[in-house]
Amino acid sequence: MPELPEVETIARGLQRSVAGDVIESVWIGKKPEPLKSPAQQIARTLEGSRISSVRRVGKHLVFDLQRTPGKKERKQDAGRAQWIVHLGMTGQVLIATPASAIPPHTHLIATLGSGRELRFVDPRRFGRLQVRSDAGFQTSGREPLEVDLELFSSLFRGRNTPIKSALLNQKLLAGIGNIYADESLFRAAIRPRRRAASLTRAELARLYRAVRQVLAEAITAGGSSVSDYVNADGEAGMFQFAHRVYGREAEPCVTCGTPIKRVVIAGRSSHWCAKCQK
DNA sequence: ACTATTTCCTGGATGC
DNA sequence: TGCATCCAGGAAATAG
């Protein structure tokens, strides 16, 4: 499941290998597509654009594009556009050669000036593609690795929802998904069902630290490959071997040996240690 | 204004 | 062995 560390890993790989390349042509599949913008508009925006950079915003991949400036566009956005990819559960953006077999559930192929292809593959079609004719894509949620403790704490003030749900809420923090929410709460020794507003200053400080630590370590490890996740070069990550609670139901806690519990919160499975987390 | 629940989607695992 | 059912979950939509 691509969350912040996985998307960051993909973005870095794409930035390294396709930034500066030009999208020459685009093929978009026929079926009901995982598109937020009309297919024609996506194709029109991508074709002929130079990829100036690829970066991550929350769980989104953002391709910054440079096009031949049109007359009607505002000066600051002259010729600028963006291609935004949300990978959902099973989405992949892969760099491939035209000769390599096209995997099932390939929804978009962008042929690059360098002769390679960028392919968007997504079996379950939870992913979403969109384009913009400016450079203004943003998320309302804050970047977990950029906020300070005070702002981080203020996001949870007055919220009666479980802290697990609050961590998953992309309008508060952008990029944390089920894996890193569970791992952060374990490291902070906080139970997932605790009401967000009930956390003490000390607990918020521990959670802040834990979130940053977990995300940073996961990025270093190239992300967690639990189901389909691979980076832009098709390689798996390693952080799944460092998970302390996620996916470890009934296995012994790495700290105290108590079997890890699993409960459903807000429709998501939550893994935690009843002895270590309060 | 918040919060909780439902829905979308398909491959892989499980059960009879 | 084969077929049906369940499960995974991000985020938008819907309900309360």
Side-chain angles (χ1 to χ4, degrees), chain A residues 1-11 29-38 56-62 84-93 102-108 120-130 137-144 154-185 192-199 211 215 218 223-230 236-237 239-240 243 245-251 260-272:
Chain A
M1 291 142 266
E3 304 179 28
L4 186 153
E6 290 76 33
V7 181
E8 179 69 28
T9 302
I10 296 167
K30 282 267 184 291
K31 288 189 205 126
E33 291 305 323
L35 307 178
K36 281 182 83 169
S37 307
R56 177 196 61 77
V57 175
K59 292 177 191 172
H60 302 262
L61 274 177
V62 177
I84 299 117
V85 179
H86 192 292
L87 298 168
M89 290 283 298
T90 54
Q92 301 176 332
V93 172
I102 294 169
H105 309 293
T106 298
H107 303 299
L108 180 146
F120 175 66
V121 181
D122 185 11
R124 278 157 66 180
R125 294 192 278 142
F126 274 25
R128 289 293 178 267
L129 306 180
Q130 60 177 310
F137 177 78
Q138 289 182 38
T139 54
S140 52
R142 302 291 186 141
E143 285 291 335
S154 74
L155 296 175
F156 304 112
R157 204 160 290 151
R159 300 208 165 255
N160 194 37
T161 195
I163 185 62
K164 169 69 185 279
S165 302
L167 286 173
L168 293 177
N169 184 345
Q170 301 300 298
K171 291 183 173 138
L172 301 178
L173 290 168
I176 299 175
N178 210 32
I179 295 173
Y180 299 104
D182 282 3
E183 292 298 318
S184 297
L185 287 168
R193 278 208 213 272
R194 286 279 302 283
R195 301 283 132 177
S198 78
L199 299 196
V211 165
L215 293 177
S224 302
S225 288
V226 173
S227 53
D228 316 59
Y229 163 72
V230 290
F239 197 69
Q240 64 277 17
H243 292 174
V245 286
Y246 181 84
R248 297 193 62 245
E249 182 183 10
E251 291 177 40
I260 297 299
K261 286 194 172 185
R262 188 180 77 88
V263 295
V264 174
I265 299 173
R268 298 289 164 266
S269 54
S270 297
H271 311 75
W272 58 290

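Proteins get letters first, then strands, A, B, ... in listed order; numbering begins at 1 in each.
- Between the side chain of Gln92(A) and the main chain of Thr90(A), no donor-acceptor pair closer than 3.5 Å is present.
- As rounded to whole Å, 19 Å separates atom C1' of dA8(C) from atom OH of Tyr229(A).
- One interatomic measurement links the two molecules: CD1 of Ile265(A) to P of dT5(B), which rounds to 11 Å at whole-angstrom precision.
- Phosphate proximity of dG11(B) to Arg124(A): absent, as no side-chain N or O sits under 4.0 Å from OP1 or OP2.
- Gln240(A) places a side-chain N or O within donor-acceptor distance of the main-chain N or O of Ser225(A), the cut-off being under 3.5 Å.
- Distances shorter than 4.0 Å separate none of the side-chain N or O atoms of Lys171(A) from OP1 or OP2 on dA11(C).
- Between the CZ atom of Arg128(A) and the P atom of dC8(B) there is a distance of 12 Å, rounded to whole Å.
- Backbone-only contact: Tyr246(A) has heavy atoms under 4.0 Å from sugar-phosphate atoms and none from a base.
- Checking dA8(C), dA4(B), dA11(C) against every side-chain atom of Ser269(A), the shortest atom distance belongs to dA8(C).
- Heavy-atom distances to DNA chain B give each of Gly267(A) and Pro123(A) a nearest nucleotide, and the one nearer the 5′ end belongs to Gly267(A).
- Residue-environment remark: CZ (Arg142(A)) stays at or below the threshold of 12 foreign heavy atoms within 6.0 Å.
- Rounded to an integer number of Å, the gap from CZ of Arg195(A) to P of dC2(B) is 16 Å.
- In this entry the distance linking CZ of Arg125(A) with C1' of dG10(C) reads 16 Å, nearest Å.
- Aromatic ring orientation, His107(A) versus His105(A): tilted (interplanar angle from 30° to 60°).
- Nucleotide dA8(C) holds its C1' atom 14 Å from the CG atom of Asp122(A), rounded to whole Å.
- Side-chain contact, Thr139(A) with His60(A): no donor N or O sits under 3.5 Å from an acceptor N or O.
- Arg268(A) has its CZ atom 18 Å from the P atom of dT3(B), to the nearest Å.
- Taken residue by residue, residues 156-168 of chain A places heavy atoms nearer than 4.0 Å to DNA chain B at Arg159(A), Asn160(A), Thr161(A), Pro162(A).
- Between His86(A) and dA12(C), a side-chain N or O to OP1/OP2 separation shorter than 4.0 Å is absent.
- A heavy-atom distance below 4.5 Å is not found between the side chains of Leu4(A) and Tyr180(A).
- Rounded to whole angstrom, the span from the CG atom of Asp228(A) across to the P atom of dT10(B) amounts to 14 Å.
- Judged by distance alone, the side chains of Tyr229(A) and Glu3(A) never bring a donor and an acceptor atom under 3.5 Å apart.
- Side-chain nitrogen and oxygen atoms of Arg262(A) include at least one within less than 4.0 Å of the OP1 or OP2 phosphate oxygen of dA8(C).
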